[in-house]
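In what follows, a single structure is set out as structure tokens and then discussed.
Both backbone and side-chain heavy atoms feed into the values below; hydrogens, waters and symmetry mates do not. Quick caveat, the model's predicted, so the values are computed rather than measured.
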Amino acid sequence: MRNFVAVLAFLTFGAVFTAQAADEAKPFITAKDVDLSQYLPAPPADDSDQTKAEIAELLTIQAKRTPEQEKAAIADAQENVWRFADVMGPGFDAAKLPKLAAFFDRVVATEDVVDDHAKKYFHRSRPYMVSDELHPLLKKSTSGSWPSGHSTIGYLMATVLGDMVPEKRNALFTRAADYAENRLVAGFHYRSDTVMSRTGAALMAQKMFEQPEFTREYDAAKAELQAQMAK
């Protein structure tokens, strides 16, 4: 038990540190460039049959989740590209890839400002706000649930990384799907929140790739990554 608490404390510190880095980074685009409230449908109402069915699914997941699944869900609370290290392989870390690190800090900052606008617009209640039977694994958030920001950044990072390293694209998207699924394991999102995130990530990626500043930093980060992977 003490080991689990220590791991949770370490991961919490890491998440805070990562959030600070992303907060200091400049987004490549904002909600003025991609207004998700104009592209996404409204979420199901809290008292709708769909929401009730999704709550039931989350309660089933909560009842069956294992300690290993809980640990993975807590670890995936971190919003950074290094969560894909299990796909990318040895040498994929910030110390060896400073240009990639700075580049993806900006990608994370982009997702944050774009999704934040949508969350405030749609203002869907988090699952644990609707059902007091749900006990999330992480500190509760009062921000909107639609769409899932974590899931969006997971799919967005997989999209950009997959473009840099096409041979790993399928594995990256599989990992992004697991990253999104862990938001359900953690009791933080409905499945429809995570599904809607795929659309948001695709729209952001398309718009970012149109920006000259993004292209310049992308090219430098890609070259650094490929050189590291060649070692």
Side-chain angles (χ1 to χ4, degrees), residues 19 22-23 25-55 57-58 76-77 79-81 83-84 103-127 129-130 141-164 169-170 172-184 186 188-215 217-218:
D23 285 343
K26 178 185 176 183
F28 286 112
I29 58 173
T30 69
K32 292 181 179 179
D33 302 299
V34 178
D35 185 351
L36 294 182
S37 69
Q38 303 302 306
Y39 292 100
L40 304 184
D46 289 349
D47 60 353
S48 67
D49 289 341
Q50 181 176 339
T51 294
K52 291 175 182 177
E54 291 190 273
I55 288 287
E57 179 189 25
L58 291 174
D76 272 355
E79 292 184 299
N80 66 61
V81 74
R83 298 306 303 157
F84 288 88
F103 171 74
F104 272 100
D105 280 345
R106 294 192 66 182
V107 172
V108 172
T110 298
E111 176 278 320
D112 186 54
V113 296
V114 175
D115 257 347
D116 186 59
H117 174 76
K119 285 173 176 286
K120 290 177 179 177
Y121 179 85
F122 291 115
H123 201 61
R124 188 184 195 185
S125 301
R126 296 271 181 168
M129 296 175 177
V130 177
S141 170
T142 57
S143 66
S145 194
W146 181 276
S148 165
H150 275 74
S151 303
T152 302
I153 192 58
Y155 287 117
L156 185 57
M157 291 188 292
T159 300
V160 178
L161 266 182
D163 197 74
M164 290 180 173
R169 180 178 288 119
N170 289 344
L172 287 165
F173 273 98
T174 297
R175 179 66 179 91
D178 289 340
Y179 189 79
E181 187 72 17
N182 276 333
R183 300 309 283 167
L184 277 67
F188 255 60
H189 279 286
Y190 301 97
R191 185 170 298 282
S192 57
D193 295 336
T194 67
V195 171
M196 202 52 53
S197 296
R198 301 174 191 171
T199 300
L203 290 168
M204 287 183 219
Q206 181 179 22
K207 195 64 177 180
M208 285 196 305
F209 272 98
E210 295 174 358
Q211 311 305 312
E213 187 175 6
F214 174 89
T215 301
E217 293 195 25
Y218 168 90

side-chain contact (heavy atoms from CB on, under 4.5 Å) against [X], all qualifying residues, sequence neighbours excluded:
X      : value
Phe209 : Val160, Asp163, Phe214, Tyr218
Ala176 : Phe84, Tyr155, Ala158
Thr215 : Asp219

Specify the closest pair of heavy atoms between [X] and [Y], including all atoms of both residues, with the distance to one decimal.
X      : Y      : answer
Pro43  : Phe122 : CD-CD2, 3.6 Å
Pro44  : Glu54  : CG-OE1, 4.5 Å
Gly200 : Leu36  : CA-CD2, 3.9 Å
Thr159 : Ala205 : CG2-CB, 3.8 Å
Met129 : Ser141 : CE-O, 3.3 Å
His117 : Ser37  : NE2-OG, 4.0 Å

Would you compute the distance between atom [atom1] of [X] and atom [atom2] of [Y] and round it to the nearest 0.5 angstrom?
X      : Y      : atom1 : atom2 : value
Thr152 : Arg183 : OG1   : CZ    : 10.5 Å
Lys119 : Thr142 : NZ    : OG1   : 10.5 Å
Met157 : Glu111 : CE    : CD    : 8.5 Å
Asp105 : Asn80  : CG    : CG    : 8.5 Å
Asp112 : Thr30  : CG    : OG1   : 12.0 Å

### Task
Any chance you could lay out the side-chain contact (heavy atoms from CB on, under 4.5 Å) test for Asn182 and Phe188, step after step, and finish with the verdict?
CA-CA 9 Å; Asn182 276 333; Phe188 255 60; over 6 Å; no
In the structure I gave you, are the side-chain heavy atoms of [X] and [Y] within less than 4.5 Å of one another anywhere?
X      : Y      : value
Pro147 : Leu40  : yes
Asp115 : Met204 : yes
Tyr190 : Thr51  : yes
Trp146 : Met196 : yes

### Query
Sequence neighbours excluded, which residues qualify as side-chain hydrogen bond (donor to acceptor under 3.5 Å, both in side chains) partners of Gln206?
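Not a single residue meets the side-chain hydrogen bond (donor to acceptor under 3.5 Å, both in side chains) criterion with Gln206.
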### Query
In chain order, what residues pass the side-chain hydrogen bond (donor to acceptor under 3.5 Å, both in side chains) check against Lys120, with sequence neighbours excluded?
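Asp116.
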### Task
Give every residue pair that meets the ring pair (Phe, Tyr, Trp, His ring centres under 6.0 Å) criterion with at least one member in residues 34-53, sequence neighbours excluded.
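Residue pairs with at least one partner in residues 34-53: there are none.
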### Query
Taking the six-membered ring where the residue is Trp, are the ring centres of Tyr179 and Phe173 under 6.0 Å apart?
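Between Phe173 and Tyr179, which both carry aromatic rings, the centre distance is not below 6.0 Å.
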### Message
Per the salt bridge (charged side-chain N to carboxylate O under 4.0 Å, His left out) rule, what does the pair list look like for residues 199-208, sequence neighbours excluded?
### Response
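Every salt bridge (charged side-chain N to carboxylate O under 4.0 Å, His left out) pair that includes a residue of residues 199-208, provided the two are not neighbours, is Lys207-Glu210.
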### Query
So which pairs with a foot in residues 30-50 pass salt bridge (charged side-chain N to carboxylate O under 4.0 Å, His left out), sequence neighbours left out?
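Sorted result for residues 30-50: empty, none.
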What pairs with [X] under salt bridge (Lys or Arg N to Asp or Glu O under 4.0 Å), at least two apart in sequence or on another chain?
X      : value
Arg175 : Asp76, Asp86
Arg106 : Glu213, Glu217
Asp178 : none
Asp193 : Arg124

### Message
Quiz question: by atom type and distance under 3.5 Å, do the side chains of Ser143 and Arg126 form a donor-acceptor pair?
### Response
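Yes, a side-chain donor-acceptor pair sits under 3.5 Å.
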### Task
Would you tell me whether Ser197 and Thr194 have side-chain atoms, one donor and one acceptor, within less than 3.5 Å of each other?
no
### His189 side chain to Ser145 backbone, donor-acceptor under 3.5 Å
yes
